[in-house]
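Presented below is the structure to which this report refers.
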Number of protein chains: 2
Amino acid sequence: MTPADDTDQAHARRRGRPPSGGREAIVAATIDLLRERGASRLTTREVAARAGVSEGSVFYHFGDRSGLLTAVINHGLRAFGEVHGERGGEVAATLDWFSRTLEGFLDIALVAMIAAQSDAELRTGMANHFLTNNLGPHRGIEALGAFLRRAQTAGLVRRDVEAESLAMLVIGSCFLRVSQQQMIGADYATKFPDREEMVRTLTTLLTPAGEGGA
Amino acid sequence: MTPADDTDQAHARRRGRPPSGGREAIVAATIDLLRERGASRLTTREVAARAGVSEGSVFYHFGDRSGLLTAVINHGLRAFGEVHGERGGEVAATLDWFSRTLEGFLDIALVAMIAAQSDAELRTGMANHFLTNNLGPHRGIEALGAFLRRAQTAGLVRRDVEAESLAMLVIGSCFLRVSQQQMIGADYATKFPDREEMVRTLTTLLTPAGEGGA
DNA sequence: GTCTATAGGTTGATAGAC
DNA sequence: GTCTATCAACCTATAGAC
């Protein structure tokens, strides 16, 4: 009997170093190779070589190739909870924090999400995971939307627009930047307004008339 | 000698039906299968079957598997020019037109862009194509930004923010919606503010203080 | 849990007739 | 230009020793 159906949360509560580190090494190697070569060119053989283990170990831990990719996807999505953390404070500072945190998360998660797109089985698996566990960007929209609505009530944000729509503008621009950076290249991302500029712009737009203004 | 290095623009200027239609059928079949199964599970065998041609034909036209994918990517990116078309008119109407056109384009182009991510060779190929031909979302940002700047000059859009940043907000939200729709599912996209709501919100935000208001 | 060795099945690509 | 037939390579997955 193998732990092939491991969901990668086995020793989530355990402190210190896991039994051997082989499993983590395999996941890390897979993420590296995914970034370098893409999902189609990812072979269990090379994963094993990169991780410094035998190919048999890969199958022992993850059952099959799909299991490995699934583990990587879950790994990439794990950090998502952190982004949803409630947060108070000033509007500009919160937008800055939120967008920075989100972009850091996307930099990892997008590798996983894109990898899932290369295989229908993984794609629907991820989709179901999202649907049943109420995950996805809409959670970010809800979280940031809730903050912005409170700010509206406090008179810090103009009230004539939907808070969720504002949140979507923030998240959309982060998503666009990180996506292009990953799909085309870091250099290319230079051609976009940068994150801080976007935060400035959004802050200006959200400020109620007669306060910030030019 | 084979036309393996065809760039898919062979009969771009030709009217009427191309020689046999085999080539187009192969590209169309590939796009279908890419949507259904993903790039990793795409085999030349199945492409041929779906297109109703032999596998040999696939290799005759595109040289190798990468050539086929490259042709599909170029096909997906071809429509991009249309989105850049200059456009005048009212701000709200232009935002509506632009976002609608962009989302229609992305619905096709993203299949190609995501497919390119599954293979390092294709990825860098696409990146170079973007870099040398000055393609990519930044073009959309420039185009819409130019329109918005004119609108600023005309007093139709507030002047205390960068036009490009505003354009990025528009494009980012379109990109986010179509991406999630494609990566997770059409149902999931329901959880987002819809396109028309975003246009409304943006229009409100862009209107100079003391004109539109609540 | 990790390794080696190997089986079994697919797949991309080629050759040559039509 | 399109087809059929076929090859050579590769990759996933398994079995069994340690």
Side-chain angles (χ1 to χ4, degrees), chain A residues 1-6 8 10-11 14 16-30 33-34 36-72 115 118-122, chain B residues 1-6 8 10-11 14 17-30 33-34 36-72 115 118-122 125:
Chain A
M1 179 84 182
T2 73
D5 46 10
D6 240 317
D8 202 13
H11 31 264
R14 252 188 144 38
R17 205 178 85 183
S20 139
R23 199 193 154 86
E24 281 74 11
I26 294 170
V27 170
T30 306
L33 287 170
L34 242 25
E36 286 177 27
R37 321 205 159 175
S40 286
R41 295 294 176 89
L42 182 90
T43 67
T44 53
R45 191 159 299 186
E46 208 145 11
V47 168
R50 179 72 65 103
V53 302
S54 75
E55 212 175 341
S57 277
V58 175
F59 287 92
Y60 170 77
H61 282 294
F62 304 97
D64 59 12
R65 187 182 184 275
S66 289
L68 171 60
L69 268 315
T70 300
V72 169
S118 72
D119 185 316
E121 186 188 327
L122 297 174
Chain B
M1 179 86 180
T2 72
D5 46 11
D6 238 319
D8 201 13
H11 30 263
R14 250 189 145 37
R17 202 178 88 179
S20 141
R23 199 192 152 86
E24 280 74 10
I26 294 171
V27 170
T30 306
L33 287 170
L34 242 26
E36 287 178 26
R37 322 204 159 174
S40 286
R41 294 293 175 89
L42 183 90
T43 67
T44 53
R45 194 155 294 187
E46 206 147 12
V47 167
R50 179 72 65 104
V53 302
S54 74
E55 211 175 342
S57 278
V58 175
F59 286 92
Y60 170 78
H61 282 294
F62 304 97
D64 58 10
R65 187 181 183 276
S66 288
L68 171 59
L69 269 315
T70 300
V72 169
S118 71
D119 186 314
E121 187 188 327
L122 298 173

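Letters A, B, ... are given to chains in the order of the sequence lines, protein chains preceding strands, and every chain is numbered from 1. All figures in this text were calculated on a predicted structure; none of them were measured in a lab. The figures here come from the full heavy-atom set of this structure, side chains too, leaving out hydrogens, waters and symmetry mates.
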What is the distance from [atom1] of [X] to [atom2] of [N], rounded to the nearest Å?
{"X": "H61(A)", "N": "dT2(C)", "atom1": "NE2", "atom2": "P", "answer": "4 Å"}
{"X": "E46(A)", "N": "dT12(D)", "atom1": "CD", "atom2": "C1'", "answer": "15 Å"}
{"X": "Y60(A)", "N": "dC18(D)", "atom1": "OH", "atom2": "P", "answer": "19 Å"}
{"X": "L68(B)", "N": "dT11(C)", "atom1": "CG", "atom2": "C1'", "answer": "14 Å"}
{"X": "E55(A)", "N": "dT12(D)", "atom1": "CD", "atom2": "P", "answer": "7 Å"}
{"X": "F59(A)", "N": "dG8(C)", "atom1": "CZ", "atom2": "P", "answer": "16 Å"}
{"X": "E24(A)", "N": "dT2(C)", "atom1": "CD", "atom2": "C1'", "answer": "15 Å"}
{"X": "D119(A)", "N": "dT10(C)", "atom1": "CG", "atom2": "P", "answer": "16 Å"}

From the list [options], which nucleotide is the closest neighbour of the side chain of [X]?
{"X": "T43(A)", "options": "dA13(D), dG12(C), dC11(D)", "answer": "dC11(D)"}
{"X": "R45(B)", "options": "dT11(C), dT4(D), dT14(C)", "answer": "dT11(C)"}
{"X": "S57(B)", "options": "dA13(C), dC3(D), dT14(D)", "answer": "dC3(D)"}

Is the shortest side-chain N/O distance from T44(A) to OP1 or OP2 of dA13(D) below 4.0 Å? no
Determine: side-chain N/O of R65(B) to OP1/OP2 of dG12(C), distance under 4.0 Å, yes or no. yes
Test item: V72(A) and L34(A) side chains (from C-beta on) under 4.5 Å apart, heavy atoms: yes
State, yes or no, whether a side-chain contact exists between F62(A) and I26(A) at a heavy-atom distance under 4.5 Å. yes
Measure the spacing between CG of L69(B) and CD of E121(B) and express it to the nearest 0.5 Å. 9.5 Å
Any chance you could measure R50(B), atom CZ, to L33(B), atom CG, to the nearest 0.5 Å? 4.5 Å
Can you check whether L42(B)'s main-chain N or O pairs, donor with acceptor, with R65(B)'s side chain at less than 3.5 Å? yes
Classify the nucleic acid contact of I26(B) as base, sugar-phosphate or nothing, counting any heavy atom under 4.0 Å across all strands shown. nothing
